[in-house]
Each structure stands twice: as C-alpha cells, then as structure tokens.
2 protein chains.
Amino acid sequence: MAHGDDKTKASGENQPIDTRSRILSAAFRLFRKHGYHGVGLNDILAAASAPKGSLYHHFPGGKEEIGVAVVAEITRGILSLFGASRAKKTSTVLMHVGEQMSATIERTNHEICTLFTAFLAERSASPKLGEAVASAYAEMTLAIEARLKQDGFAARAAKERAATVVMLLEGGAMIAQAQQSVAPFSLALKHAASLCERGD
Amino acid sequence: MAHGDDKTKASGENQPIDTRSRILSAAFRLFRKHGYHGVGLNDILAAASAPKGSLYHHFPGGKEEIGVAVVAEITRGILSLFGASRAKKTSTVLMHVGEQMSATIERTNHEICTLFTAFLAERSASPKLGEAVASAYAEMTLAIEARLKQDGFAARAAKERAATVVMLLEGGAMIAQAQQSVAPFSLALKHAASLCERGD
DNA sequence: TCAAGAATAGACCGACCGGTCTAGAGAATG
DNA sequence: CATTCTCTAGACCGGTCGGTCTATTCTTGA
C-alpha cells in the first residue's frame, strides 16, 4: 500500500485493460455459456490471456471468489438500469431492461441465463456462490417492489408482483435458451410489464 | 435376446430393485441437488451401490445417457400427471401438479429445479442433454396448450398462456430454491392457475 | 449338466481439475 | 542504486474426472 488505491490504471488506461477485469469478463462469458463446473480455471486464464499467478493474486479465493464477483457485477448492472430514470413508469423501465436482455440473449446465441441458475446448483458445495445468487434475486425483487409502491401499488400487491416479474423474467430466459429463440422471453417480458400497470 | 423383454424383474420384484433403476434414481437425486458436472460417476455408483461395470452395461452411453434418461423419466412423470383426469379443468389439474411439486420442493429442502436448467448449460458440450431438456419443455407446453384449447381458449391464447405457465413454474421453482422457501413457487402457481381460467 | 449371454465387480488409465509454490519482471520509494 | 511491493509467469501437485478393460458371478434355455 505504498501508493494510493487508484493504482493499476496508472500508466495508460485505454486499450490494455486491467488483468483483473480481463479475468472477470472472460469468466463471465464462459460461465454464462457453460455453467460453473463447465468452466476450468485454465479456460478462464486462456480466454483472459493471463497466467495462473495473476488469477490467485487478484482473487485469492480462487474460482469461487471469481464466481461471486461475477454475480455481483451482473447484479450491479441490472440494478443500475432499474435505478436510472426514476421518473418513468416501472413498466416502461422494465421493458427497457428487458430489451437490453433480449439483445444480449440474441447476441450470445441464446446463452445467457444459465449463469445464476447454474451457480445456484453449487450452493451445497459452495454456499457463498449460492448465497450471492440468492441475494441478487432478492435485491432485484426489492428494487422492483420499491418502484411499484412508488407507482401507487399497495404494499402486498407490489411485493407479489415484483416477485412474479422476476420469476417470469428468469423462467422466460430459461425457456428462450431451451428453444433457442427470444420469443419466449419477449412473451414473458410483455406479461411482466402488464403486471406493472395499475389495474392489471 | 434369448428370453423375452420383461426379463430382469423375473425372480422377485419387491425390494431388491433393478440395478438400472437404482442407478437412475440415484442419478436423479444427485443431479437435482448438484447439477450435472457437480455429480461424478463414482457418486452415482456409491449412492446406487453398483459397480462401474453395471453402469456401462446398462448405459453404454455413459454419463450423458444417464442424464438423458433422467430427463425423459421426469418428463414422463409430469406428462402423466397432466394427462390424467381429462374431465377436470386445466387450472384444477395445474394446482394438483403444482402441489405435488411443492411437496417435492419441501421434501428435498428446496433443491429441485436446478436439474433441467443445469442440463441446459451442457448443451454446448453435450447437445443431446440440452435437446432432451428443450423437448421436455416443449412437450409440457404442448400438453398444457392442448388442454387449454379443450377448455375453450383460442389457439393463440392457449399457446401463449401455456408457455407463460411453464415459464412461471420454472422461474418460481428457481426462486424458491434461491430463497429456500416454497412461498415463491406457490405464488407462481397461483398466478399460473389464474392464467388457465377463462377471462383471466 | 453345460454352454452362452446378461449382469456384476473393480482395477486401471490418461486427462484434467482447482490450487500451491517459487521465481522473475516492473514500478514506486528511500 | 537498492529495496520493497505489486503483479506476472508457469511448473508442479494430489485428487478426481469419465471411461475402458478384463475378469467373475448369476441366470437362463437347451
């Protein structure tokens, strides 16, 4: 800790991205595609063009810590989408978030939402991972719930509808991946958005 | 093929279950809990009290064939639930199916629906598994869709609602597993059942 | 009783797993 | 320049993976 904590990006922050970030985004891509156990550290390292030493330097907790970090980053991204544009109606924001997800689904050849669910399966072997996913779901639900209350929904209705929306999105992404088509996700999204309208 | 095909259960079909069945149900339990990669052949073998030779005798295709067989069996079970009692309304049958699933979710300490989704993640490495899950979803959706049409829904509405129901159930089971509670699944089930009522 | 196939049994294999460890390159401090 | 610390680099490890292979036992029909 000789120098400050803005460190690493000291000399040139344009192209040669931080090794840590490279590892993280490589892990994200691979986990999304093959699940947790389906990806080896060597796969991540190869994709990130980094040696094993760097990995354990940046993530002393190893694979598990990488997984948790990936979940945290995804969650942060989604929450920021929901946090922005407070003025608009929730259903509008939801459609916007959904379109982003749809685009990702198509761009990644319908391989996207295995990540959370795959991590959930690790809960018994690696509690931290499972809990990271569980709290990610919880945070997202709470964010939607808060918006719905703000839109005028009663407390109970807001809670239930928020939960249903998350389930629909999750289930929709799953079926979309199975059918190799965004259509199911779009359907789920439409239904979810209508749930966020007053008077159903 | 010297003797007929009812074979194996020849001498006593009460307690000492067929080795193949033992392997299958052990695999089911373990896959459900730990996902596909999370379970080793040795785990399955130990749980089934069977040697490796038996496994490759009954499942020459190895782990992948076991996975496909498990998916097929689950699908068969669910479809038979939907097939039975054609007289009743779809929403009634759905509630019944859902209650069975709820019971399983509670009995297994909220570890149930990772199976399909975990297998889906194997699609790139093992297409057969992914396709088995994909067609399982498709079959279930078709079964519900057929019932809804029979209940008087228009073709398009039946198709969309059936798809939404499957998504809700899948998403609900996922969140239930994450929150370690059946409540989310029950909520999804309620919502799904109401989707199967005429006039929403 | 005996031959033949089904089924069981488990030693064994190379590949790969996640993780550890030592060594060196590079930048910042005195 | 020497020191110190961050970060990179990759050889290496024991363990486990899915899968193969060679017996041996059980069952069955002639």
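Chain letters run A, B, ... following the sequence lines, proteins first and then strands; every chain starts at 1.
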Among the nucleotides C:dG19, D:dG19, C:dT8, which one has an atom lying closest to any side-chain atom of A:Lys63?
C:dG19
Between P on C:dT8 and CZ on B:Arg20, what's the gap in Å once rounded to a whole number?
12 Å
Here the distance between atom P of D:dT22 and atom OH of B:Tyr56, to the nearest Å, is 16 Å
Does OP1 or OP2 of D:dT6 have a side-chain N or O of A:His58 closer than 4.0 Å?
no
Between B:Glu160 and A:Lys190, is there a salt bridge with N-O shorter than 4.0 Å?
yes
Rounding to a whole Å, what distance do you find between A:Leu55:CG and C:dG19:P?
9 Å
Geometric class of the A:His37/B:His37 ring pair [parallel <30°, tilted 30-60°, perpendicular >60°]
tilted
Could you check how far CG of B:Asp43 sits from P of C:dC17, rounded to whole Å?
18 Å
Assuming nearest nucleotide by heavy-atom distance, tell me which of A:Tyr36 and A:Gly53 is located more 5' along DNA chain C.
A:Tyr36
Are A:Asn42 and C:dC16 close enough that a side-chain N or O sits under 4.0 Å from OP1 or OP2?
no
How many whole angstroms separate atom CD1 of A:Ile44 from atom P of C:dC17?
10 Å
Nearest-Å distance, CG (B:Leu30) to P (D:dC17)?
12 Å
A:His57 has a side chain; which of C:dT8, D:dG18, D:dT6 sits nearest to it?
D:dT6
Of all heavy-atom pairs linking A:Leu55 and A:Ile23, the shortest is CA-CD1, 3.8 Å
Result of checking A:Leu24, A:Val68, A:Leu41 against A:Phe59 for side-chain contact (heavy atoms from CB on, under 4.5 Å)
A:Leu24
How many Å lie between CG on A:Leu45 and P on D:dA11, as a whole number?
13 Å
Spacing between B:Ile23 atom CD1 and C:dA7 atom P, to the nearest angstrom:
11 Å
Heavy-atom pair of closest approach, residues B:Ala27 and B:Val70:
CB-CG2, 4.1 Å
Where the side chain of B:Lys52 is defined as all heavy atoms beyond and including C-beta, which of C:dG10, C:dG18, D:dC7 is the nearest nucleotide?
C:dG10
Where the side chain of A:Leu41 is defined as all heavy atoms beyond and including C-beta, which of D:dC17, C:dG18, D:dT8 is the nearest nucleotide?
C:dG18
